[in-house]
Number of protein chains: 2
Amino acid sequence: MAARGGIDRFPLIDALDQAGVHVTEPRRAVARLVAEQVGYFTANDLVRAAGRRRLPVGRATVFRALDLFTALNLVERLDLPDGGHAYVACDAAHHHHVVCSACGRSVDASDSGIAEVVAGIAERTGFTIASHRLELFGLCPECARREPAGTPAATIPTATMSATRPS
Amino acid sequence: MAARGGIDRFPLIDALDQAGVHVTEPRRAVARLVAEQVGYFTANDLVRAAGRRRLPVGRATVFRALDLFTALNLVERLDLPDGGHAYVACDAAHHHHVVCSACGRSVDASDSGIAEVVAGIAERTGFTIASHRLELFGLCPECARREPAGTPAATIPTATMSATRPS
DNA sequence: CACGGGCTGAGATCGAGTCTCAACAGTCCC
DNA sequence: GGGACTGTTGAGACTCGATCTCAGCCCGTG
């Protein structure tokens, strides 16, 4: 529930504009829904949310918009351990996410230092590394405080984050 | 199926044994199939392979066996860049995978250096990182030689990883 | 030998994501 | 101002990977 009720200008929408993509009403609606999500969300979450609020967006359009956002690096795709997929809104710059497996919140983490690790692995294996993905999961400060280590109360399945980027 | 003279013994099967799990014929069959795979494979690859060779394994059993193997860390689950899922057989020790996107071969890579990166991220974000996973995609030395950088892997022979999947 | 628990297979079912296609909207050109 | 064009949309059918159900079977145990 981020900035709501304001003019329809979100970073997301600005970015669409800048990317030379048509900013249509359905896309705006999806962008708004994305901006309101806390933590990660699935495509179906958006479809349901849109339906609940009678927004003018069809299911296919939600998927298309998410594809578009993903292509523009405005949202990042998560791979849940259960095989499903989810998304998180984020900056366009390449980075990784640390996902709280209790509340689902996701925080950006720069990948400082990983480049060297990747380079090292490339050298050792002889592979030409085209992209990498780093997945981190654990507990955010709040949840860690609420559930001292060891409490298996986490209801949300451990989400694994993946930011695949061409290197 | 090759070695028919004697009891089939694979590291996989030994591990099942040690884990106190029943080593049944279907599980043995799945283990054998897994051991025969080159590179990564999907659950469906195994199902098809089993069917092709008339092995006594049902679809559900393949999935169950893979779950079991995954739980025992005998097999690692990969999230392919295209959102699909695959598996690779591997050691139980923690490590990472470098996957060739042309031939599908997967090589283990020690995670030297990543621990520091993860620690740094944990410190910066305040998260308690429970686990991490790093996956690297690129070209193995052979494929890189065959397809010099820049050449789009138009004719991917075996496993396709980013484009279409054989139907 | 009888019993009980775990494992199995076949098929039904679920559900995420894709594809098709006609209709529509916004933009550009004349 | 009008017409044409291109890109977008929505509804729903469809695909296909994955899971669930459930009765039957097998193995180890007492």
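Scope of the values below: all heavy atoms of this structure, side chains included, with no hydrogens, waters or symmetry mates. As the structure is a computational prediction, the values presented were derived from the model and not from experiment.
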In whole angstroms, how far is the C1' atom of dG9(C) from the CD atom of E25(B)? 15 Å

Out of dC7(C), dT18(C), dG9(C), which has the shortest distance to the side chain of R27(B)? dC7(C)

Quick one: do R53(A) and E36(A) satisfy salt bridge (Lys or Arg N to Asp or Glu O under 4.0 Å)? Show the steps, please. CA-CA 13 Å; R53(A) 291 161 50 172; E36(A) 286 174 10; 2.7 Å; yes

Nearest whole Å is fine: how far is dC7(C) C1' from F69(B) CZ? 13 Å

Starting at atom CG of N44(B), determine the distance to atom P of dG17(D), rounded to an integer number of angstrom. 4 Å

In whole angstrom, what separates R28(B)'s CZ from dC26(D)'s C1'? 14 Å

N/O (side chain, H85(B)) to phosphate O (OP1/OP2, dA18(D)) under 4.0 Å: yes

How about H96(B) and H132(B): are their ring centres within less than 6.0 Å of each other? yes

Pairwise distance CD(Q37(A)) to OG1(T42(A)) - rounded to 0.5 angstrom: 8.5 Å

Length of the line joining L16(B):CG and dC7(C):P, which is rounded to integer Å: 11 Å

If you round to the nearest 0.5 Å, how far is CG of L46(B) from CG of L66(B)? 5.5 Å

To the nearest Å, give me how far apart CG (D67(A)) and P (dG17(C)) are. 10 Å

5'-most contact on DNA chain D (nearest-nucleotide basis), H22(B) vs F63(B), goes to F63(B)

For atom CG of L46(A) and atom C1' of dA16(C), their distance in whole Å: 14 Å

Nearest-angstrom distance from the residue atom CG of L68(A) to P of dT8(D): 8 Å

Starting at the 5' end of DNA chain C, which residue's closest nucleotide do you reach first, T24(B) or R59(B)? T24(B)

Is the shortest side-chain N/O distance from R64(A) to OP1 or OP2 of dG10(D) below 4.0 Å? no

